[in-house]
Amino acid sequence: MPSTALPSRFSLYLDLIRWDRPAGWLLLLWPTLSALWMAADGFPGWHLLIVFTAGTVLMRSAGCCINDVADKDFDLHVKRTAQRPVTSGVVSVKEALGVGTALALLSFVLVLSTNPPTIWLSVPAVLVAGLYPYAKRVIAMPQAVLGVAFSFGIPMAFSAVQGGQDWSLSAVGASVPPHAWWLVLGNLCWVLAYDTEYAMVDRDDDLKIGIKTSAITLGRHDVRAVMTFYVVYLGLWAWVGERLGLAWPYQLGIGVAAAQVVWHGWLIRHRSREGCFQAFRLNHWVGAAVFAGTVLAGWVR
């Protein structure tokens, strides 16, 4: 094999996992790290920080591989996705699945360094992530499935901090407090908001090829629904922060996130592809504001 083949192949794999588009894994990372800080009541330690950061990047990258294999025939008919490596044929289905499996296994190795409740929670997390690419064929709002997949880092963060070494399934429930599930529900609403914006970009193409999305299901109520999802997300996270007694920077972070949400509403008001895509791409700053508020709240108490 020529010496130029390896770096060329490597660059294709980087394109496969969207390495140059970090917004995807940042959308996963910020709520996970926020939950980690809440669970630990401050800095969670370098071990858990590295595990959850690296694990988030690896699983999102593995998800891209699975998604591209599942959607390769659909993506061919969408201008924005027609040149993805699997769809264009420069990376084979076998290669993509191999890369995705390797990345998922690396992520699981990281989870093995935590505790039994977190290891148990990683099983449904992987299953839901694997099912999402196929949900758009049968579910009217597959973004809800993505919301569940993108929220699993929250209970796993709490179990990693507060769980013990008991392998029983009952220990899983005991390691995740009720307020963590309220955070999950709020985060699910956030995913519904930004992924509906994403679906609004491709609505015309998706209608032609028969894919089900929240943008299609919601129809003319899409913008109103997106803004409602945002309000529920921020409202639930603000309420949980109040219950946990987080200091004022946390609510300030919620406020900064809310200001961005107002801007996103302005961007999507006419449903233009450009405006909807810009709102989606900038959503990770909403999560970053909440995370920054969470960290700062621990410094001023």
Side-chain angles (χ1 to χ4, degrees), residues 17 25 27-67 97-135 144-188 190-191 236-237 240-241 243-244 246 291 294-295 298:
I17 65 173
W25 56 262
L27 289 169
L28 268 162
L29 184 64
W30 296 134
T32 300
L33 292 187
S34 296
L36 197 60
W37 251 257
M38 291 182 194
D41 196 24
F43 181 62
W46 288 108
H47 169 242
L48 289 181
L49 179 58
I50 292 171
V51 165
F52 278 89
T53 300
T56 294
V57 176
L58 288 169
M59 279 307 300
R60 187 263 179 170
S61 300
C64 289
C65 299
I66 298 171
N67 184 80
L97 290 176
V99 172
T101 300
L103 294 172
L105 287 174
L106 284 173
S107 180
F108 185 62
V109 169
L110 290 173
V111 174
L112 289 176
S113 71
T114 57
N115 58 17
T118 310
I119 295 170
W120 276 120
L121 282 171
S122 71
V123 176
V126 171
L127 290 176
V128 174
L131 288 173
Y132 165 68
Y134 301 95
V145 180
L146 182 68
V148 174
F150 269 36
S151 299
F152 252 103
I154 295 171
M156 289 177 69
F158 276 90
S159 67
V161 173
Q162 301 181 7
Q165 296 301 317
D166 188 347
W167 280 96
S168 68
L169 289 176
S170 60
V172 177
S175 67
V176 184
H179 57 260
W181 297 111
W182 287 111
L183 293 174
V184 168
L185 179 59
N187 195 69
L188 189 153
W190 183 34
V191 177
L236 283 174
W237 276 64
V240 169
R243 288 196 63 184
L244 294 178
L246 297 181
F291 173 63
T294 306
V295 174

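Position 1 is the first residue of the sequence; numbering continues from there.
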### Task
Say whether, by atom type as modelled, one donor and one acceptor occur between the side chain of D166 and the main chain of P116 under 3.5 angstrom.
no
## Note on the structure
Minimal heavy-atom distance between L29 and T53, with the atoms involved, is CD1-CA, 3.7 Å
### Query
Measuring from L58:CG to L105:CG, what's the distance to the nearest 0.5 Å?
10.5 Å
### Task
Look up atom CZ in R60 and atom CG in L103, then write down how far apart they are to the nearest 0.5 Å.
11.5 Å
### Check: C65 and I17 side chains under 4.5 Å, non-hydrogen atoms
yes
#### Entry: T118 side chain vs A160 backbone, donor-acceptor pair below 3.5 Å
yes
### Query
What are the two closest non-hydrogen atoms of A39 and A157, and how far apart are they?
CB-O, 4.1 Å
### Message
Checking F291 now: which residues fulfil ring-ring contact (aromatic ring centres under 6.0 Å, His included) with it, not counting sequence neighbours?
### Response
W30, W37
### Shortest non-hydrogen contact from S151 toward N187
OG-ND2, 2.9 Å
### Validation row: L112, I119 side chains within 4.5 angstrom (heavy atoms)
yes
### Task
Locate the shortest heavy-atom distance separating L49 from L33; write the atom from each residue and the value.
CD1-CD2, 3.8 Å
#### Entry: Flag side-chain contact, heavy atom, 4.5 Å: P31 against F150
no
### Test item: T101 side-chain N/O and G98 main-chain N/O as donor-acceptor pair under 3.5 Å
no
### Query
With distance as the sole test, does W120 use its side chain to make a donor-acceptor pair with the main-chain N or O of W167 at under 3.5 Å?
yes
### Message
Could you check whether any side-chain heavy atom of I154 comes within less than 4.5 Å of a side-chain heavy atom of V176, counting everything from C-beta outward?
### Response
no
#### Entry: Heavy-atom closest contact (V51 atom, S113 atom, distance)
CG2-OG, 3.6 Å
### Query
Got M38 and V161 here, is their nearest side-chain heavy-atom distance under 4.5 Å?
no
### Pairwise distance OG1(T56) to CH2(W25) - rounded to 0.5 angstrom
9.0 Å
#### Entry: Any V240 side-chain heavy atom under 4.5 Å of W237 side chain
no
### Query
Can you tell me how far CH2 of W190 sits from CG of L27, rounded to the nearest 0.5 angstrom?
5.0 Å
### Message
The criterion is ring-ring contact (aromatic ring centres under 6.0 Å, His included); which residues satisfy it with F158, sequence neighbours excluded?
### Response
H179
### Summary
For L188 and A144 the tightest heavy-atom approach is CD1-O, 4.2 Å
### Query
How long is the span from the CG atom in L36 to the CZ atom in F43, to the nearest 0.5 Å?
9.0 Å
### Query
Would you say M156 and V111 make side-chain contact, with heavy atoms under 4.5 Å?
yes
